[in-house]
Amino acid sequence: MKLTGAEIIWECLLREGVDVVFGYPGGAILPTYDALSKYEGKLHHVLVRHEQGATHMADGYARATGRVGVAMATSGPGATNMVTGITTAMMDSSPIVCITGQVASKYIGSDAFQETDITGITLPITKHNFLVTDINNLIPAMRKAFHIARTGRPGPVLVDVAKDVQNASIEFDYPTAPIKLPGYRPPAYASEEQIERALDLISQAKRPLILAGHGVNMSGAERELQTFSERTQTPVALTLLGKGAMPESHPLCLGMMGMHGAAAVNQAIQTADLILAFGMRFDDRVTGNLNTYSPNSRKVHIDIDASELNKNVRVDVGIAGDLKTVLDQFIPVLPGLEHREWIGEIREWQEDGDQRDILHWDKQEGKLYAAHAIHDLWTATHGNAVVVTDVGQHQMWEAQYYLHERPRTLITSGGLGTMGFGLPAAIGAKFGLPNETVWAIVGDGGFQMTLCELATAAQENVNVNIGIINNGYLGMVRQWQEFFYENRYNATPMLSPDFVKLAEAYGITGIRVTSREEIPAAVARAESINGPTVVEFRVGFQRVRTWTT
Ligand SMILES: Cc1ncc(C[n+]2csc(CCOP(=O)(O)OP(=O)(O)O)c2C)c(N)n1
Ligand SMILES: [Mg+2]
């Protein structure tokens with residue numbers, strides 16, 4: 001049967017298991033939008049309000065489900081509006097496929113209306129990209145895009161399809177053979193020698209520590225991690241994106257490391273004699289000064305991306321492989337160990353530090369603070385919600401005060417730190433996980449960057465709860481001004497609209513919370529409404545706990 005390029009795009013999406021596409025139309029992608037009528041009922045298209053939102057929704061969907069998220073846009077400004085979302089996905093290894101229309105192939109290079117070289121622009125921010133100017137290349141490009149996005153170290157892939165290709169027709173013959181790409185062979189296993197060398201270090205260690213990152217969640221290695229930790233009695237520290245890799249209620253789970261991590265966890269890293277880094281990449285927010293980072297430890301690093309090994313931190317054993325596969329290789333040969341003294345030492349540091357102190361010392365003032373809001377949201381949701389954050393202090397308070405028991409229940413922009421991520425990513429997450437309670441936790445600043453997506457949430461009646469932590473400031477920046485710029489608050493006090501009225505303008509219920517007592521009822525009310533809800537938490541300004549080296 002002959003199909004147009006436009007129809008082939010949708011056929012390929014269906015064959016890749018895509019059930020929702022987040023997008024925005026325009027001239028160069030219009031043939032594809034026109035063909036959408038044929039696919040009604042098979043696949044849902046969500047009309048976003050800005051193409052950045054489409055990419056964050058695809059990203060949120062991907063992080064929530066482990067499946068590939070899909071965003072679609074037109075050429076030129078539509079495509080360039082995707083750049084921030086693509087970079088966000090790239091930095092956090094999130095598998096998305098972005099499909100953009102391009103001007104007709106004969107106009108490419110002529111500065112045609114809405115022409116931009118989006119494959120050139122996105123070269124450094126995609127795992128791979130394709131420009132399709134011949135309909136015979138369309139099916140291979142679509143199949144390769146999904147294969148590349150989801151295999152190995154996942155990441156964003158862009159397919160730019162010229163308008164004449166969307167209009168052309170060919171016989172639709174969808175290949176079933178597995179995709180082979182020369183030079184692309186994601187590593188899977190550890191060698192026996194690597195396992196033996198690592199086992200030697202594990203048996204000798206007195207103060208071992210596992211650093212668990214995003215890779216644990218992405219490769220689905222939570223059970224293997226827990227078995228490894230319990231068998232060898234090795235405590236586990238989490239990166240921000242590693243939250244959920246191990247239940248935070250588990251006695252061997254210490255919580256978050258790094259700049260906004262717990263002091264005891266960072267002290268454990270500095271004191272350890274063996275670091276086992278699983279699916280993490282020694283980001284500077286985790287290590288601080290590399291010259292003084294964990295100076296007395298031997299190091300074993302397992303990561304799917306060989307280029308991460310010895311990139312920031314030199315390691316004794318570097319294993320390029322899929323974390324779940326490699327941990328499965330270790331488990332049958334792991335010795336049963338005890339590290340009572342070491343664990344006892346860490347417990348003492350934890351008691352000294354009492355990371356939840358803010359909840360006690362300012363309680364008397366009767367004021368509402370962000371830490372209260374997040375802590376009480378954690379209690380009210382029984383720690384069981386999928387939380388999608390924006391970027392800033394509220395993000396770090398979430399990481400400190402909302403304890404996660406399950407993988408993929410914290411979705412946050414770690415690597416790029418993209419303000420404006422929270423609301424659209426939460427909408428995407430809810431599409432992926434319709435049966436989960438989803439909370440977006442956003443700041444007054446970041447929310448205003450993408451709040452146009454409230455209209456998307458309203459039009460689609462997405463059941464997402466939006467908690468705005470309104471401290472009247474670009475709080476995280478103000479905090480840096482306090483630390484390093486002698487309290488000169490240039491460009492950080494921020495006026496906001498009346499968020500309750502704003503929600504109402506979109507036909508969304510808005511709830512205002514000004515005291516701690518109101519939180520449980522507000523959360524219950526928001527969750528009882530089948531559709532989007534905005535809860536504004538009016539909080540006093542506070543500094544978020546920070547660790548400096
Ligand atoms: C797109 C973008 N622009 C600027 C920044 C720098 N930045 C990081 S946190 C922050 C303040 C965020 O303010 P708000 O959203 O109110 O959250 P709060 O820190 O107050 O909780 C800024 C401006 C950023 N991360 N992303
Ligand atoms: Mg703020």
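One-based numbering, in listed order, for ligands and for the atoms of each. Since we're looking at a predicted model, the values are computed, not measured.
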Please check whether G445 reaches ligand 1 - meaning an N/O of the residue sits under 3.5 Å from an N/O of the ligand, judged on distance alone.
yes
Taking both backbone and side-chain atoms of L474, is any N or O found less than 3.5 Å from an N or O belonging to ligand 1?
no
Salt bridge flag under 4.0 Å for residues D303 and R281:
no
List the closest protein heavy-atom neighbour of atom 25 (N) of ligand 1: residue, atom name, distance to the nearest 0.1 Å.
G417 O, 2.8 Å
Is the closest heavy atom of D390 to ligand 1 under 4.0 Å?
no
Protein contact to atom 9 (S) of ligand 1 [nearest heavy atom, distance to 0.1 Å]:
M476 CB, 3.6 Å
Determine whether a donor-acceptor pair (N or O, by modelled atom type, separation under 3.5 Å) exists between the side chain of D59 and the backbone of S94.
no
Checking contacts here: is it the side chain or the backbone of N471 that comes within 4.0 Å of ligand 1, counting heavy atoms only? Could be both or neither.
side chain
Test item: side-chain donor near acceptor, Q393 and H260, under 3.5 Å
no
For atom 6 (C) of ligand 1, which of the options Q395, M419, M494 provides the nearest non-hydrogen atom?
M419
Name the one of V438, V388, V535, L423 that satisfies side-chain contact (heavy atoms from CB on, under 4.5 Å) with I466?
L423
Is it true that the side chains of Q52 and T450 contain a donor and an acceptor less than 3.5 Å apart?
no
Is it the case that T514 and E518 place a side-chain donor and acceptor less than 3.5 Å from each other?
yes
Show me which atoms of ligand 1 lie under 4.0 Å from any heavy atom of Q393.
18 (P), 19 (O), 21 (O)
If you scan protein heavy atoms around atom 15 (O) of ligand 1, the nearest is G446 N, 2.7 Å
May I ask whether I469 places a heavy atom under 4.0 Å from ligand 1?
no
Please work out whether the ring planes of H372 and Y369 are parallel, tilted or perpendicular, with thresholds of 30° and 60°.
tilted
Atoms of type N, O or S from protein under 2.8 Å of the Mg ion (ligand 2), total 3
Only residue of D160, V161, V159, L158 satisfying side-chain contact (heavy atoms from CB on, under 4.5 Å) with F130 is V159
Of the side chain and backbone of Y473, name the one, both, or neither that has a heavy atom under 4.0 Å from an atom of ligand 1.
backbone
Can you find an N/O atom of G475 closer than 3.5 Å to an N/O atom of ligand 1?
yes
Between E436 and R406, is there a side-chain N and carboxylate O pair less than 4.0 Å apart?
yes
Exercise: do E453 and H56 side chains pair donor with acceptor under 3.5 Å
no
So for ligand 1, is V477 a polar contact partner (N or O within less than 3.5 Å, distance only)?
no
Please determine whether a side-chain nitrogen of the Lys or Arg among R512 and E536 lies less than 4.0 Å from a carboxylate oxygen of the Asp or Glu.
yes
Report yes if M449 has an N/O atom closer than 3.5 Å to an N/O atom of ligand 1; otherwise report no.
no
Evaluate T412 against Q395 for side-chain hydrogen bond (donor to acceptor under 3.5 Å, both in side chains), listing each step before the verdict.
CA-CA 8 Å; T412 192; Q395 175 189 32; 2.7 Å; yes
Under 4.0 Å, counting heavy atoms only: does G420 come that close to any atom of ligand 1?
no
For atom 17 (O) of ligand 1, the closest protein heavy atom turns out to be H394 ND1, 3.3 Å
Are H375 and W378 an aromatic pair, judged by ring center distance below 6.0 Å?
yes
Starting from atom 16 (O) of ligand 1, locate the nearest protein heavy atom and write down its residue, its atom name and how far away it is, to 0.1 Å.
D444 OD1, 2.7 Å
Side chain K430, main chain A457, donor-acceptor under 3.5 Å
no
Against I269, only a single residue in T287, I275, L254 fulfils side-chain contact (heavy atoms from CB on, under 4.5 Å); can you say which?
I275
G392: numbered ligand 1 atoms lying under 4.0 Å from its heavy atoms
9 (S), 19 (O)
